[in-house]
Amino acid sequence: MTWTLVAAIWATLFAGITLLLSRDLLRAILGSMILGSAVNLMIFAAGRVGPSGPAIVPYGTQALAEGSANPLPQALVLTAIVIGLALACFAFVLIQGIVTATGTADSTRLRIAEPLPDHPYYPPHPGPDDGGPSPAATEAARPVAAEAPR
Amino acid sequence: MSVIAPVLPVLIPLGTAVATAMTLRSPTLQLRLAMAGSVALLATGLWLVAVEGTIPPEGLGGWAVPFGIAFHLDGVGALMVLVTALMAVASLLYMSSGIDTDPRHPLLVPVLMGMVAGVTGAFSTADLFNLYVWFEIMLITALGVLAMGGTPRHLDATWKYLGLNLFGTLLLLAAVGLIYGATGHLNYDALASAAPGVPPGLMTALLVVLGVSLLLKSGAFPLFAWLPASYHTLPAPVLALVAGLLTKVGVYALLRLGNDVFAGVAAPVLFEALGWVAAATMLLGVIGAAYHWDMRRILAFHIISQIGYILLAIALGGLGDRDASAAAVFYTLHHIVVKANLFLIAGLIAAYAGSYDLRRIGGVHAAMPMLSVLFAIPALSLVGIPPLSGFWAKVLVLQSLVEQGRWVWLVFALGVSVLTLYSMMKIWLEAMWRPHPQAGWQRRAVRAGPALAAACMLAGVTLWIGLAPQTLIDLSLAAVADFGPGVQVADGQGGRP
């Protein structure tokens with residue numbers, strides 16, 4: 001059983017890392033989700049695979065019955081699954097936003113926040129959307145000497 | 001009180017986050033509530049530092065300490081909570097000015113408070129898995145803050161931040177799971193007593209996985225690419241909070257786990273490696289800073305460079321010098337204040353002069369001499385000019401380097417200081433002394449009162465640390481006094497549960 005689990009962890013790790021190295025945003029996120037599953041399996045195996053009884057204290061007693069599974073890895077994996085799901089949902093919405101805003105899902109073409117040195121605006125000058133404070137963002141459209149009343 | 005005391009630094013920001021989330025319609029009320037929460041957190045931090053180390057660890061939910069999730073605020077945690085609260089106050093004060101704050105997303109303040117809760121949670125927990133959970137909370141709130149900008153460059157930055165950090169948390173989770181598998185424990189004290197029972201080779205391998213994940217979170221070489229790719233897209237007050245706190249939590253975790261929990265079992269070769277990583281981090285961070293022209297990007301690279309110094313102190317601490325651990329604490333506290341203040345003042349300069357890009361601004365010293373003096377305080381402190389706080393922080397690290405005879409690392413540390421000076425001079429010459437590139441330039445009218453107050457407050461803290469360093473040095477030394485292989489817990493055999 002343990003060796004089956006080890007083989008499963010390696011296969012999942014391999015699949016996750018392969019996808020994670022992809023330039024495509026969606027594949028990379030799917031890869032990290034699969035990698036997360038591999039890590040969860042790892043925690044599960046770390047808590048020793050053996051007894052298979054449910055980790056529930058029987059009614060009227062104070063401790064787990066003999067032959068119950070270790071409840072702690074189950075709690076850890078459950079927490080990790082919940083967190084992983086939330087991050088995956090965030091990532092999917094983010095990818096949708098990126099594709100809508102930039103028209104590309106190729107991570108090597110995402111150079112908006114970090115323009116390359118041969119970028120037409122940077123140097124000599126960053127574009128109008130250089131993320132400065134709001135007066136700077138409108139600088140191009142207005143004579144600089146004019147005070148910006150706020 | 002003692003039951004709730006160790007979780008108070010988490011409860012206050014979490015409660016504030018809920019309260020500000022319920023007042024989305026009124027930005028003013030939101031800011032006031034958040035400010036009240038942050039001041040309460042500041043008071044808690046002061047109280048925790050005053051009663052330092054006397055609060056016993058608290059297992060939540062009525063579970064005994066090695067099995068329940070424990071919260072324990074010792075000296076280091078209390079100091080970190082205090083400086084976190086100070087940053088939250090400064091950032092919120094800045095937000096009530098008119099600089100780089102419009103338009104403010106209604107969810108920004110609640111999410112920032114959630115981030116503060118994540119940071120204080122990581123400082124006050126005494127449980128390895130719980131530490132992972134707080135890192136996830138910091139990750140998702142930082143992603144939220146980045147994505148709130150909404151423009152393509154924000155989304156791009158969010159993606160860069162997400163990619164590497166998601167991998168880092170998965171690595172951290174794997175390390176936590178494997179350490180649990182090897183020791184049967186997650187509680188810090190229980191881990192410290194159970195770890196010697198693990199075969200040394202296995203323990204070293206596990207600590208490498210743990211260390212790499214935390215180094216990624218700290219922004220250390222070679223895993224810092226996410227930091228300069230994303231930080232510069234944030235507005236100034238948010239950037240100050242994020243840049244001041246998030247990477248330092250990774251550093252704190254390394255300090256706590258490397259110099260305290262696993263101090264007895266971590267092989268010296270690990271700390272040798274950490275020292276070289278620290279040297280490379282220092283050097284490459286400052287070289288990256290030399291290349292850039294955007295003030296925020298320059299300062300973001302300086303975070304990396306300064307992280308190198310703290311990592312160096314941690315490495316020396318792990319090689320057996322307890323004073324170096326204290327130096328790491330001192331350096332971290334000084335660095336959080338100074339770095340956040342530099343970002344706040346960069347925001348002020350950009351608001352007055354029109355841009356963050358050094359090629360497009362100038363003449364600040366002629367127009368506003370006091371602002372350039374205000375900039376000089378944290379800038380020179382970052383370089384390490386006496387008598388500012390950075391000087392004492394560097395002296396403490398250099399003392400440990402000399403005591404251990406680490407001459408190569410000493411050369412790195414001194415050389416990087418010179419390069420830091422070069423980089424600060426670049427900002428000074430371009431933004432302050434050079435005339436503004438556009439003829440007839442006049443400084444813009446901005447509502448800067450609260451922002452100036454926040455920057456002056458942090459500059460005051462820097463000056464206070466610089467002029468009376470002994471208080472903080474004593475506090476740091478006392479905080480790390482009980483570092484090292486911990487006390488035996490009830491279940492001291494290190495067996496599996």
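Heavy atoms only: backbone and side chains are in, while hydrogens, waters and symmetry mates are out. Numbered from 1 within each chain, the chains take letters A, B, ... in sequence-line order. Note that the structure is predicted; figures quoted are calculated from it, not measured.
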S.K.: Relative to chain A, which segment of B/Leu173 carries a heavy atom at a distance below 4.5 Å: side chain, backbone, both, or neither?
M.R.: both

S.K.: What do you reckon, is CZ of A/Phe44 surrounded by more than 12 foreign heavy atoms closer than 6.0 Å?
M.R.: no

S.K.: Between B/Asn165 and B/Lys217, is any pair of side-chain heavy atoms under 4.5 Å apart?
M.R.: yes

S.K.: Measure distances from A/Leu20 to the heavy atoms of chain B and classify the residue's part below 4.5 Å as side chain, backbone, both or neither.
M.R.: side chain

S.K.: Could you tell me which portion of B/Leu170 (side chain, backbone, both or neither) has an atom closer than 4.5 angstrom to a non-hydrogen atom of chain A?
M.R.: both

S.K.: Answer with side chain, backbone, both or neither: which region of A/Ala91 has an atom nearer than 4.5 Å to a non-hydrogen atom of chain B?
M.R.: both

S.K.: Which atom names give the shortest non-hydrogen contact between B/Ala289 and B/Lys426, and what distance separates them?
M.R.: O-NZ, 4.3 Å

S.K.: Please state whether the side chain, the backbone, both or neither of B/Leu143 comes within less than 4.5 Å of a heavy atom of chain A.
M.R.: both

S.K.: Identify which part of A/Leu110 has an atom lying under 4.5 Å from any heavy atom of chain B, answering side chain, backbone, both or neither.
M.R.: both

S.K.: May I ask you to check whether B/Tyr132 and B/Phe135 place their ring centres under 6.0 Å from each other?
M.R.: no

S.K.: According to the ring pair (Phe, Tyr, Trp, His ring centres under 6.0 Å) rule, which pairs have a member within residues 53-106 of chain A, sequence neighbours left out?
M.R.: none

S.K.: I need the residue from A/Leu76, A/Thr102, A/Ile98 with the largest number of non-hydrogen atom pairs under 4.5 Å to chain B.
M.R.: A/Leu76

S.K.: Give a yes or no on whether the backbone of B/Pro152 and the side-chain of B/Asp156 come within a donor-acceptor separation of less than 3.5 Å.
M.R.: no

S.K.: Highest number of heavy-atom pairs under 4.5 Å with chain B: which of A/Val39, A/Thr100, A/Ile95, A/Val93?
M.R.: A/Val39

S.K.: Could you tell me which non-hydrogen atom of B/Leu348 sits nearest to which non-hydrogen atom of B/Ala448, and how far apart they are?
M.R.: CD2-CB, 3.9 Å

S.K.: Heavy-atom distance under 4.5 Å to chain A: side chain of B/Leu139, backbone, both or neither?
M.R.: side chain

S.K.: Report which part of B/Ala174 has an atom under 4.5 Å of a heavy atom belonging to chain A: side chain, backbone, both, or neither.
M.R.: both

S.K.: Go through the atoms of A/Ile83 and report whether side chain, backbone, both or neither lie under 4.5 Å from a heavy atom of chain B.
M.R.: side chain

S.K.: What are the two closest heavy atoms between B/Leu202 and B/Ala182, and how far apart are they?
M.R.: CD2-CB, 4.2 Å

S.K.: Against chain B, work out which of A/Ile43, A/Leu35, A/Leu87, A/Val77 has the most heavy-atom pairs shorter than 4.5 Å and name it.
M.R.: A/Leu87

